[in-house]
Amino acid sequence: MARVCKPLAGAGSRGSLSHTTREIPLSRPWTDEREEELVLEVLRSGRLSLGPTIDRFEELFAERVGVPYAAAVSSGTAGLHLLCHIAGIGPGDEVITSPFSFVASANCFIFEGATPVFADVDPVTLSVRPEAVEAAVTERTKAIVPVDIFGWPCEIDDLRAIGERHGLRLIQDSAEALGAEYKGRPVGSHGPSAAFGFYPNKQMTTGEGGVVVTQSEDEWRLLQSLRNQGRSYGEGSWFNHVRLGFNYRWTDLQAAIGIAQLEKLDRILELRAAAARRYDDLLSGLGSVETPSPDTADHRRSWFVYVVKLAPDLDRTRVMEELRRKGVATAEYVPCIHLQPYMRERYGFSEGICPVAEDAASRTMALPFFTGIEPGDQERVVEVLAAAVGR
Ligand SMILES: Cc1ncc(COP(=O)(O)O)c(C=O)c1O
């Protein structure tokens, strides 16, 4: 049995919080004795890296997503970077991605010298609009990196059609979407290679880590070589480097945690979906707070975060300060990539490039959301939020 989430030790005595008020964190991993048991096995085995536990994890993960091959790497960013590297993305190329995402969605190809081009998102789903992607294609476009933002499956069929029309590579950033389904099949199984991430706020975590899923055995072998300093895969000398590679290796200790998390993934997804439904109900009377878009026939979200959008006349900074003052963690989720300081500096991006994403990013905020969140804590979050927005 997974342990019930406990309040953070000592949180109640910090700052202006009264001794009866616990801080409700934004996220929290969900682990139990099973992770400990499997980690201990690996520790005792002496095979801490490039060992059989990684192989086992890769098999289980591939099976779960419904793909023939999975290659584990040190992070979701590393996985995306390797896919961009394999796609041959380089200087002079443009790559189209979503502005409403985490910076890694763009950094993965900037590492290879390509220039980011941002296509605006849908105001409801916050997912990149295929029409905006097509409008952004130029003769220099090499690839598209769509994102399954907040666990919402991107329009992969439409995007693939655009890619085929213009001869573009497609690399799916599914870091936030393990367990989501598009047209009845798991995200990651629809063709384009995809990367998932296991940072502790994700549906399943291994502390750090990521995995690339692919339909191609050749690509899988290449990923195994590239993550391991370009070594030849399989037999051969440890010091036989057949290409320029990276150290994006994962460890068997993390794979052990990953196996335990995969074993309970269905339960994790159920609990997160139940927590999201609870927030939907609790927030239903708050007109000034827009809740995340509901599933459709083609899109089944995997709940990564619970992000609400405030009405335009509300002062988000003040609302967020009020939540924090009352012991409720919150965060702006997410600021637009193109407006990050390094993006403005490198490419001269400014406001107005993607008005829909910019408007959403100025009004969205994440509420505490994790697998073991207690219903009573969700009620408290909503009470505090309702007071902060003045209902
Ligand atoms: C959309 C998206 N892409 C990529 C990443 C990168 O994953 P990682 O932190 O494992 O490198 C994240 C992680 O938060 C993400 O949310």
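Only this structure's heavy atoms are used, side chains among them; waters, hydrogens and symmetry mates stay out. Order of appearance sets the numbers: ligands from 1, and atoms from 1 within every ligand.
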For atom 12 (C) of ligand 1, the protein heavy atom that lies nearest, with its residue and separation: Phe102 CD2, 3.5 Å
Tell me, please: is Ser101 in heavy-atom contact with ligand 1, that is, under 4.0 Å? yes
What protein heavy atom sits nearest atom 16 (O) of ligand 1, and how far off is it? Glu176 OE2, 2.6 Å
With atoms numbered from 1 as shown, which atoms in ligand 1 lie under 4.0 angstrom from a non-hydrogen atom of Ala104? 4 (C), 5 (C), 6 (C)
Quick check on contacts: which atoms of ligand 1 are under 4.0 angstrom from a heavy atom of Ala175? 2 (C), 3 (N), 4 (C), 5 (C), 12 (C), 15 (C)
Quick one: are the ring centres of Phe246 and His85 less than 6.0 Å apart? yes
Report the part of Glu208 in contact with ligand 1, treating N, CA, C, O as backbone and CB onward as side chain, heavy atoms under 4.0 Å; options are side chain, backbone, both, neither. neither
Heavy-atom closest contact (Ser98 atom, Val128 atom, distance): CB-CB, 4.0 Å
Tell me, which protein residue and heavy-atom name are nearest atom 14 (O) of ligand 1, and how many Å apart are they? Lys202 NZ, 2.7 Å
Is Thr77 touching ligand 1 with its side chain, its backbone, both, or neither, if touching means heavy atoms under 4.0 Å apart? both
With ring centroids as reference points, do Phe150 and Phe100 lie under 6.0 angstrom apart? yes
Compute the centroid of each ring, for Phe109 and then for His81, and state whether the two points are separated by less than 6.0 Å. no
Can you list the atoms of ligand 1 that are under 4.0 Å from a heavy atom of Ser75? 10 (O), 11 (O)
Just wondering, more than 12 heavy atoms not from Arg231 lying within 6.0 Å of its CZ? yes
Kindly state whether the ring of Phe61 and the ring of Phe196 have centres lying under 6.0 angstrom apart. yes
Check contact between Gly209 and ligand 1, using heavy atoms of the residue and a distance below 4.0 angstrom. yes
Kindly confirm or rule out a cation-pi arrangement of Arg28 over Trp30, judged by NZ or CZ under 6.0 Å from the six-membered ring centre and within 45° of its axis? no
Return a yes/no value for Gly76: is any of its N or O atoms, backbone included, closer than 3.5 angstrom to an N or O of ligand 1? yes
Where do Arg64 and Leu269 come nearest, in terms of heavy atoms and distance? NH2-CD1, 3.8 Å
Atom 3 (N) of ligand 1 sits nearest the protein heavy atom Asp173 OD2, 2.7 Å
